[in-house]
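Worksheet: one structure, shown below.
Computed from heavy atoms alone, side chains included, the values below leave out hydrogens, waters and symmetry copies. Since the model is a prediction, treat every value here as computed from it, not as a measurement.
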Amino acid sequence: MTSTTDPAPGNLAPGVVAADVDAAAARLESLLAPTPLTESDRLSVKHGATVVLKREDQQPVRSYKIRGASNLIAQLDEDARAAGVVCASAGNHAQGVAYACARLGVKATIFLPRTTPRQKRERVRVLGGPWVTTVVEGDTYDVAAAAAGEFATTTGATLVPAFDDVRTIAGQGTVAREAFAQCEIQHGRVPDVVVVPVGGGGLLAGITAWVRERHPETRIVGVEPIGAPSLQAALTAGHPVAVPVTDPFVDGATVGLLGAHTYPVIAAGGVPCFSVAEGRICTEMLDLYQSDGIIAEPAGALASAALDDVEIAHGDLVLAILSGGNNDVSRYAEVVERSLVYEGRKHYFLVEFPQEPGQLRRFLDEILGPDDDITLFEYTKRSNRETGPALVGLELGEPAGLEPLLERMADSRIRTERVDPDSPLFGMVL
């Protein structure tokens, strides 16, 4: 395996090759069973292709992250095992480390950002048992990562990066190696297109390293959440650069700085990348659940949500990596809300009601359409004012109903103001 030291500035030679991924696959064979490869009839019909999902949500920790963590920890010598390991994670990598440490008998300290869903925190504790200690630190992955790095320096524990280590990258690359073999068995050929979710770039780098050498005819596409476009920023600048995280909703892929080891592999592979709106991801999460019976976390639905913007020829075999299924059930209310807003069916308004009897009925009769519904109504009567403001949420029967609704509002004597989704006020209702 190649060195894990940071590359020198300007040195963009890839540090992971296909042979590293092959060696990782052999190493993991006794630790992990293959995950299923399933065809999605819904997505295949929609895109005129054969769309298959690599079901990494079926891992013991419900995420592909277990591959990189296990590959790294399995290579530690006795002294390193005795000193223990440390990592930072938004949840999935932490579970992979916890599982590997419990299987291999290695102590771990795991730093989690406060944004990590409760469900993931509990899973880390269950999977790691007495081998794992968790520490909640900071509001983002990057803060937790800095704390984990400091812990490694002061204690001598081995740092197990979530993505930025060649051993982690090689382990995560086994997703493609395994999926391609399954495609040949099930469909008689390898994929024409592979769509890969991107956070810090470990999964994409590992897949790129293996696919570019073993099957260079296959096209690779990276997709990241619009709230953290770290790969696109790196490709534009020619090196990893920090980007502000504007929306942490896709917590499994929300990373503000691409890895120093992942970037050279991706850049050398010439992999394009684009962003997907969080609302579209939510819509895909609901479609996966309702149509395919799959519980996906936001990052897990990222690749299949991006297919609308991927160039797909009729009859192509398209592989989308469903990277994880650690979704807290309590988040589904927000998932539904974001999906409705993205689809144009949910809107919010500030309404100035004249403080006279019958004004709410007038609003219902004159403004609301026959298929529209009030989902939020917050109003406090002010006895010393002629009007009273209300925050009103409306769900439309169809997105096309917005323009007629706005026209009816303009014609009414009740003053209304639409709440823009980009405004700070919108954050109070979403």
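A donor atom on one side chain and an acceptor atom on the other are not found under 3.5 Å apart for Lys65 and Gln59. One side chain, Gln232 or Ser275, offers a donor N or O that lies under 3.5 Å from an acceptor on the other. Using a 3.5 Å distance cut-off with no hydrogens or angles, the side chains of Arg338 and Tyr342 do not pair a donor with an acceptor.
In summary, Arg55 and Asp292 do not engage in a salt bridge, as defined by a charged side-chain N under 4.0 Å from a carboxylate O. No salt bridge links Arg219 with Glu311; every basic N to acidic carboxylate O contact stays at or beyond 4.0 Å.
The neighbour count for Leu76 CG, taken as heavy atoms of other residues, nucleotides or ligands under 6.0 Å away, is above 12. A 6.0 Å sphere centred on CD of Glu150 holds no more than 12 heavy atoms belonging to other residues, nucleotides or ligands. Within 6.0 Å of the OH atom in Tyr289, the count of heavy atoms belonging to other residues, nucleotides or ligands does not exceed 12. Remark: Glu184 CD is packed, more than 12 non-hydrogen atoms of other residues, nucleotides or ligands lying under 6.0 Å away. Environment of CD in Glu398: sparse, with no more than 12 heavy atoms of neighbouring residues, nucleotides or ligands closer than 6.0 Å.
Between Asp57 and Ile295, the closest side-chain pair of non-hydrogen atoms is not below 4.5 Å. Under the 4.5 Å side-chain criterion, counting only non-hydrogen atoms from C-beta, Asp247 is not in contact with Ile226. Contact annotation: the side chain of Pro298 approaches that of Phe249 to within less than 4.5 Å [non-hydrogen atoms, C-beta and beyond]. Ile66 places none of its side-chain heavy atoms less than 4.5 Å from the side chain of Leu31. By the 4.5 Å heavy-atom criterion applied to side chains, Leu350 and Val419 are counted as neighbours. Annotation: side chain of Val351 is not in contact with side chain of Phe377 (no heavy-atom distance under 4.5 Å). For the pair Ile374 and Leu394, the minimum side-chain heavy-atom distance is below 4.5 Å. When side chains are defined from C-beta on, Arg418 does not count as touching Met409, because their heavy atoms never get closer than 4.5 Å.
Nearest heavy atom pair, residue Ala234 against residue Pro240, reads CB-CA, 3.8 Å. Closest non-hydrogen pair, Gln172 versus Gly202, comes out as OE1-C, 3.0 Å. Residues Ser304 and Ala320 come closest through the heavy atom pair N-CB, 4.3 Å. In terms of heavy atoms, Gly128 sits closest to Ala102 at O-CB, 4.1 Å. Of all non-hydrogen atoms in Ala24 and Ala170, the two that sit nearest each other are CB-O, 3.8 Å. A pairwise comparison of heavy atoms in Ala83 and Gly156 identifies CB-O, 3.7 Å as the closest pair.
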side-chain contact (heavy atoms from CB on, under 4.5 Å) between Ser323 and Leu302, intermediate numbers included:
CA-CA 8 Å; Ser323 59; Leu302 187 50; over 6 Å; no

Show the numbers, then the answer: is there a side-chain contact (heavy atoms from CB on, under 4.5 Å) between Leu286 and Val335?
CA-CA 8 Å; Leu286 296 174; Val335 170; 3.9 Å; yes

Evaluate the side-chain contact (heavy atoms from CB on, under 4.5 Å) criterion for residues Arg103 and Ile73: first the C-alpha distance (whole Å), next the side-chain angles of each, then the deciding distance (0.1 Å), finally the verdict.
CA-CA 10 Å; Arg103 289 286 302 273; Ile73 296 169; over 6 Å; no

Salt bridge (charged side-chain N to carboxylate O under 4.0 Å, His left out) evaluation trace for Arg331 with Glu297
CA-CA 10 Å; Arg331 304 182 76 191; Glu297 63 185 274; over 6 Å; no

Using the rule given for salt bridge (charged side-chain N to carboxylate O under 4.0 Å, His left out), can you reason through Glu122 versus Arg118, listing the C-alpha separation, both sets of side-chain angles and the distance that settles it, and then say yes or no?
CA-CA 6 Å; Glu122 293 302 319; Arg118 184 184 303 275; 5.4 Å; no

Evaluate Arg212 against Val265 for side-chain contact (heavy atoms from CB on, under 4.5 Å), listing each step before the verdict.
CA-CA 10 Å; Arg212 279 290 178 258; Val265 183; over 6 Å; no

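Of the possible polar contacts, none joining the Gln95 side chain to the Arg123 backbone as a donor-acceptor pair under 3.5 Å is found. In this structure, the side chain of Asp20 engages the main chain of Val17 through a donor-acceptor pair within 3.5 Å. No donor-acceptor distance shorter than 3.5 angstrom exists from the side chain of Ser70 to the backbone of Arg67, with no hydrogens or angles considered. A donor-acceptor contact shorter than 3.5 Å is absent between the side chain of Asp373 and the backbone of Glu395. The backbone N or O of Asp308 lies less than 3.5 Å from no partner atom in the side chain of Lys46, so there is not a single donor-acceptor pair. In terms of modelled atom types and a separation under 3.5 Å, the side chain of Ser40 and the main chain of Val51 share no donor-acceptor contact. With hydrogens and angles ignored, the 3.5 Å screen pairs a side-chain donor or acceptor of Arg121 with a backbone N or O of Arg114. In terms of modelled atom types and a separation under 3.5 Å, the side chain of His261 and the main chain of Ala205 share no donor-acceptor contact. Using a distance-only test at 3.5 Å, with no hydrogens or angles considered, no donor-acceptor pair links the side chain of Thr262 to the main chain of Leu204. One N or O on the side chain of Glu224 and one on the backbone of Ser230 form a donor-acceptor pair closer than 3.5 Å.
No option in Thr109, Leu72, Val106 other than Val106 meets the side-chain contact (heavy atoms from CB on, under 4.5 Å) test with Val85. Under the side-chain contact (heavy atoms from CB on, under 4.5 Å) rule, Leu319 has a single partner from Val194, Asp192, Val190, Leu53, which is Val194. Tested against Leu258 for a side-chain contact (heavy atoms from CB on, under 4.5 Å), the candidates Val241, Val243, Leu231 yield a single pass: Leu231.
To the nearest 0.5 Å, atom CD of residue Gln75 and atom CZ of residue Arg27 are 3.5 Å apart. The distance from the CG atom of Leu322 to the CD atom of Glu56 is 9.0 Å, given to the nearest 0.5 Å. Note that the OG1 atom of Thr218 and the CD1 atom of Ile207 stand 11.5 Å from one another [nearest 0.5 Å]. Here Leu396 contributes atom CG and Glu343 contributes atom CD; the two are 11.5 Å apart, rounded to the nearest 0.5 Å. Going from atom CG of Leu203 over to atom OH of Tyr64 covers 5.0 Å, rounded to the nearest 0.5 Å.
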Return all side-chain donor-acceptor pairs below 3.5 angstrom for residues 130-138, not counting sequence neighbours, or 'none' if the list is empty.
none

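Pairs of residues two or more places apart, or lying in two chains, that qualify as ring-ring contact (aromatic ring centres under 6.0 Å, His included) and include a residue from residues 172-201 are Phe180-Trp210, Phe180-His215.
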